Colleague: 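First the structure, then my questions, so here it is.
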Amino acid sequence: MELSRPRGTRDFLFYQMKQRKMVENTLKRVFESYAYQEIKTPIFENLSLFTQKSGEEIVEQIYYFKDKGDRQLALRPELTAPVARLYISKLQKSPKPLKMYYFGSCFRYERPQAGRFRQFWQFGCEIIGGKSPETDAEMITMAAHSLKELELEGFEIHLGHLGILRGILDEVNIVEKDQDHIMGLIDKGEREKLLKFLTKLKIDDNTLKILLELIAMKGNPQIIGNLKKILKGREKALNALQELEELLEYLEILQTDDYLLNLGIARGLDYYSGMVFEIYVPSLGAQKQICGGGTYNIIETFGGEKIESTGFAFGFDRLMSALISQGIDWKVSPVADVFIAPISPKTRKESLKIAQYLRLSGISTEVDLGRKKLKKILSYAHNRGIKKVVLVGERDLKQGKLTLKDMETGEQILINKDELLNQIDVLKK
RNA sequence: GCCAAUAUGGUGUAGAGGAAGCACUCCAGACUGUGACUCUGGUGGGGAGGGUUCGUUUCCCUCUAUUGGCCCCA
């Protein structure tokens, strides 16, 4: 029998899990400080949930199967659709704006490579029904805040607005389907193909020039003035620009200033409509994007009322590799605060009693379970990185005493048995 | 789907067509109530299948996996 993992999956060992838990907990803490509430959706859904939104061709990348009742099911490839599903079926009439966050694994049948696995984790959020520049600003701020809290260095926030591009295209009567195609080409940076396609659509030269100019625009907020000139007379685009300008004002109020305007951001998905942003860690190379999000109209796609939502998700695994390669101090604590060591077989029962007593008092405690000799017990405790050991010996017990040993200094003190709890502080240090 | 490199004890690695070595780990022991350092001993190894050869872990092919890149990325 071959014991191996499926391709593109990983096992996480103790130390890695501690690191991941730490990041998870930090993100939860930050998100909750913005009043988001956690939700969890199933690992598998009906296949149609995902094909409905993105068409049949997406099936290529989905792990799907038939269950015993002949239902077509799929391991979720992303979390936006499940969240939308949950919203439509249970939360449509809840007070708006509705703020939620999620953390879970997704599955895609793809060729594994750096920063890409077949099972990967996303940590993301969604705010439904609160379309305003404030909403967008708060969300971007929360993403930046999270990364600062994690002490991640060298990340870049790129901020754009699809309303500007779409506004221009609307005014020269480009249908939505063609717009989506154009967005796709922009997102991939396919300049040649884009040019060809735009020419085919018979877009006038002036508009064409402006489009190309826009998608190459990158820089600090000062470029807004420039944009206004370029977009003169194009109402829809100017409205979107106005929205973006307001968003920037709110970002300033929320003290988020380390971003870059980038109108070339289009996101791959069709349903994005307004603000979009992506966060990169350039040192990660090919898979440098650790976060992406924006404002979109997905609820409608699934047959709910028309309502705007804004959301983003961290690629949790990429975030982890960025933090690890940066060499964060993980401050990992030992498995237990105290080890209880019976000096001889006769004190085993007493040792377990003491261990349980400490656990019930909230101290993480390990006790010898291997019936080892004292030497081995101490060696084991040392290898586990445990700093305090309680030696339970017959001679001491007769006088109602225990020996408390500090594994770092080697110092030992004799204490009264009933004094043990009073030593909690000492034990925890 | 495509390209390349890699595959040796639990981990990290060396070597050579002819008895597979090192470091760490693990287990046992070195005056049986004391760990780290030290010493002694032990367990344990060439991804899978096929070919070449008197003989292959070593050369060749296929598969699988890993790593990196391309394609793709809801």
Side-chain angles (χ1 to χ4, degrees), chain A residues 1-11 13 15 45 47 49-64 74-84 106-118 120 122 124 180 183-184 187-188 190 266-272 278 284-289 292-294 296 298 301-302 311 313 315 318 321 339 341-347 368 370 372-398 401-412 414:
Chain A
M1 184 174 74
E2 199 183 342
L3 286 179
S4 61
R5 263 177 291 128
R7 188 166 159 79
T9 61
R10 293 157 294 163
D11 295 312
L13 262 43
Y15 187 69
E45 298 269 0
L47 177 61
L49 178 68
F50 303 109
T51 53
Q52 187 177 336
K53 187 185 67 177
S54 326
E56 291 293 330
E57 60 287 4
I58 188 203
V59 168
E60 293 292 305
Q61 287 175 52
I62 293 186
Y63 276 95
Y64 64 94
L75 297 182
R76 59 187 182 198
E78 45 105 8
L79 280 158
T80 318
V83 170
C106 301
F107 304 81
R108 293 184 195 177
Y109 191 85
E110 285 185 297
R111 179 78 171 75
Q113 55 183 270
R116 180 184 292 175
F117 308 93
R118 288 184 170 180
F120 59 97
Q122 286 196 338
D180 291 346
M183 292 301 154
D187 187 50
K188 286 173 202 157
E190 300 262 19
R267 305 285 298 150
L269 300 177
D270 294 349
Y271 46 79
Y272 281 91
E278 297 184 342
L284 287 181
Q287 319 292 341
K288 65 179 179 176
Q289 189 188 326
Y296 38 75
I298 192 183
T301 317
F302 285 115
R318 292 181 188 176
S321 48
F339 198 101
I343 287 171
S344 70
K346 285 185 182 159
T347 58
D368 173 58
K372 297 186 203 208
K373 291 182 186 172
L374 183 61
K375 277 188 179 186
K376 297 292 172 188
I377 294 174
L378 286 173
S379 166
Y380 177 80
H382 173 252
N383 284 339
R384 301 274 281 170
I386 296 172
K387 292 175 182 158
K388 306 285 177 180
V389 172
V390 175
L391 295 163
V392 185
E394 263 183 288
R395 292 206 299 261
D396 299 344
L397 275 182
K398 271 178 196 156
K401 306 252 183 193
L402 293 169
T403 299
L404 184 57
K405 181 180 177 79
D406 183 315
M407 294 296 276
E408 288 175 313
T409 62
E411 277 171 33
Q412 298 189 176
L414 208 57

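Just so it is clear, the model here is predicted, and its values are computed rather than measured. Residue numbers start from 1 in every chain, and the chains themselves are labelled A, B, ... in the order their sequence lines are given, proteins ahead of strands.
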Colleague: A:Lys372 has a side chain; which of B:U34, B:C27, B:C72 sits nearest to it?
Modeller: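 Shortest atom-to-atom distance from the side chain points to B:C27.
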
Colleague: For nucleotides 6-12 of chain B, list the nitrogen or oxygen atoms of the protein found under 3.5 Å from its nitrogen or oxygen atoms, one pair per line.
Modeller:
none

Colleague: When you compare the protein's N or O atoms with those of nucleotides 37-39 of chain B, which come within less than 3.5 Å of each other, and at what distance?
Modeller:
none

Colleague: So for atom OH, which belongs to A:Tyr109, do other residues, nucleotides or ligands contribute more than 12 heavy atoms lying within a distance under 6.0 Å?
Modeller: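 Not more than 12 within 6.0 Å, no.
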
Colleague: With the side chain counted from C-beta on, respond yes when A:Asp406 and A:Lys388 share a heavy-atom pair under 4.5 Å apart, and no when they do not.
Modeller: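 Contact flag for A:Asp406/A:Lys388 side chains = yes.
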
Colleague: Sort out the partner of B:C70 for me: Watson-Crick or G-U wobble, both distances under 3.5 Å, none otherwise.
Modeller: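 Check on B:C70: paired to B:G1, both distances under 3.5 Å.
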
Colleague: Scan every strand shown for a Watson-Crick or G-U wobble partner of B:A7, both distances under 3.5 Å, and answer none if you come up empty.
Modeller: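 Checking every strand shown, B:A7 finds its partner in B:U64, with both distances under 3.5 Å.
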
Colleague: Students often get this wrong, so: under 4.0 angstrom with heavy atoms, is A:Thr403 touching a base, only sugar-phosphate, or nothing?
Modeller: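 It contacts base atoms.
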
Colleague: With the criterion being N/O to N/O and under 3.5 Å, what pairs connect the protein with nucleotides 65-71 of chain B, and how long is each?
Modeller:
residue: B:U66; atom: OP1; partner: A:Gly8; partner atom: N; Å: 3.1
residue: B:U66; atom: OP2; partner: A:Arg7; partner atom: NH1; Å: 2.7
residue: B:U67; atom: O4; partner: A:Arg111; partner atom: NH2; Å: 3.0
residue: B:G68; atom: OP2; partner: A:Ala114; partner atom: N; Å: 3.0
residue: B:G68; atom: O6; partner: A:Arg111; partner atom: NH2; Å: 2.9
residue: B:C70; atom: N4; partner: A:Gln113; partner atom: NE2; Å: 3.3
residue: B:C71; atom: N4; partner: A:Gln113; partner atom: NE2; Å: 3.2
residue: B:C71; atom: N4; partner: A:Arg116; partner atom: NH1; Å: 3.0

Colleague: Give a yes/no on whether any side-chain N or O of A:Asn383 is located under 4.0 angstrom from OP1 or OP2 of B:U25.
Modeller: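 Indeed not, no polar side-chain atom of A:Asn383 lies that close.
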
Colleague: Given B:G29, is OP1 or OP2 found less than 4.0 Å from the side-chain N or O atoms of A:Lys373?
Modeller: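 Checking B:G29 against A:Lys373, a side-chain N or O does come within under 4.0 Å of OP1 or OP2.
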
Colleague: Taking the side chain from A:Arg108 and the backbone from A:Ile62, do they hold a donor-acceptor pair closer than 3.5 Å?
Modeller: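 Not a single qualifying donor-acceptor pair exists.
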
Colleague: A:Ile377 near the nucleic acid: base, sugar-phosphate alone, or nothing, with a heavy-atom cut-off under 4.0 Å?
Modeller: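 Nothing, no heavy atom under 4.0 Å.
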
Colleague: Where the side chain of A:Arg395 is concerned, which of B:C72, B:G35, B:G33 is the nearest nucleotide?
Modeller: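 The answer is B:G33, which lies nearest to the side chain.
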
Colleague: Respond yes when some side-chain nitrogen or oxygen of A:Lys375 is under 4.0 Å from OP1 or OP2 of B:G29, and no when none is.
Modeller: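 Negative; the distance criterion is not met.
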
Colleague: Using a cut-off of 6.0 Å, state whether more than 12 heavy atoms not belonging to A:Phe302 lie near its atom CZ.
Modeller: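 Atom CZ in A:Phe302 is packed in, count exceeds 12.
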
Colleague: Nearest nucleotide by nearest heavy atom, which residue falls closer to the 5' end of RNA chain B, A:Ile386 or A:Arg318?
Modeller: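 Nearer the 5' end of the strand: A:Ile386.
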
Colleague: Which nucleotide sits closest to the side chain of A:Lys376: B:U34, B:C27, B:G29?
Modeller: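 Looking only at side-chain atoms, A:Lys376 lies closest to B:G29.
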
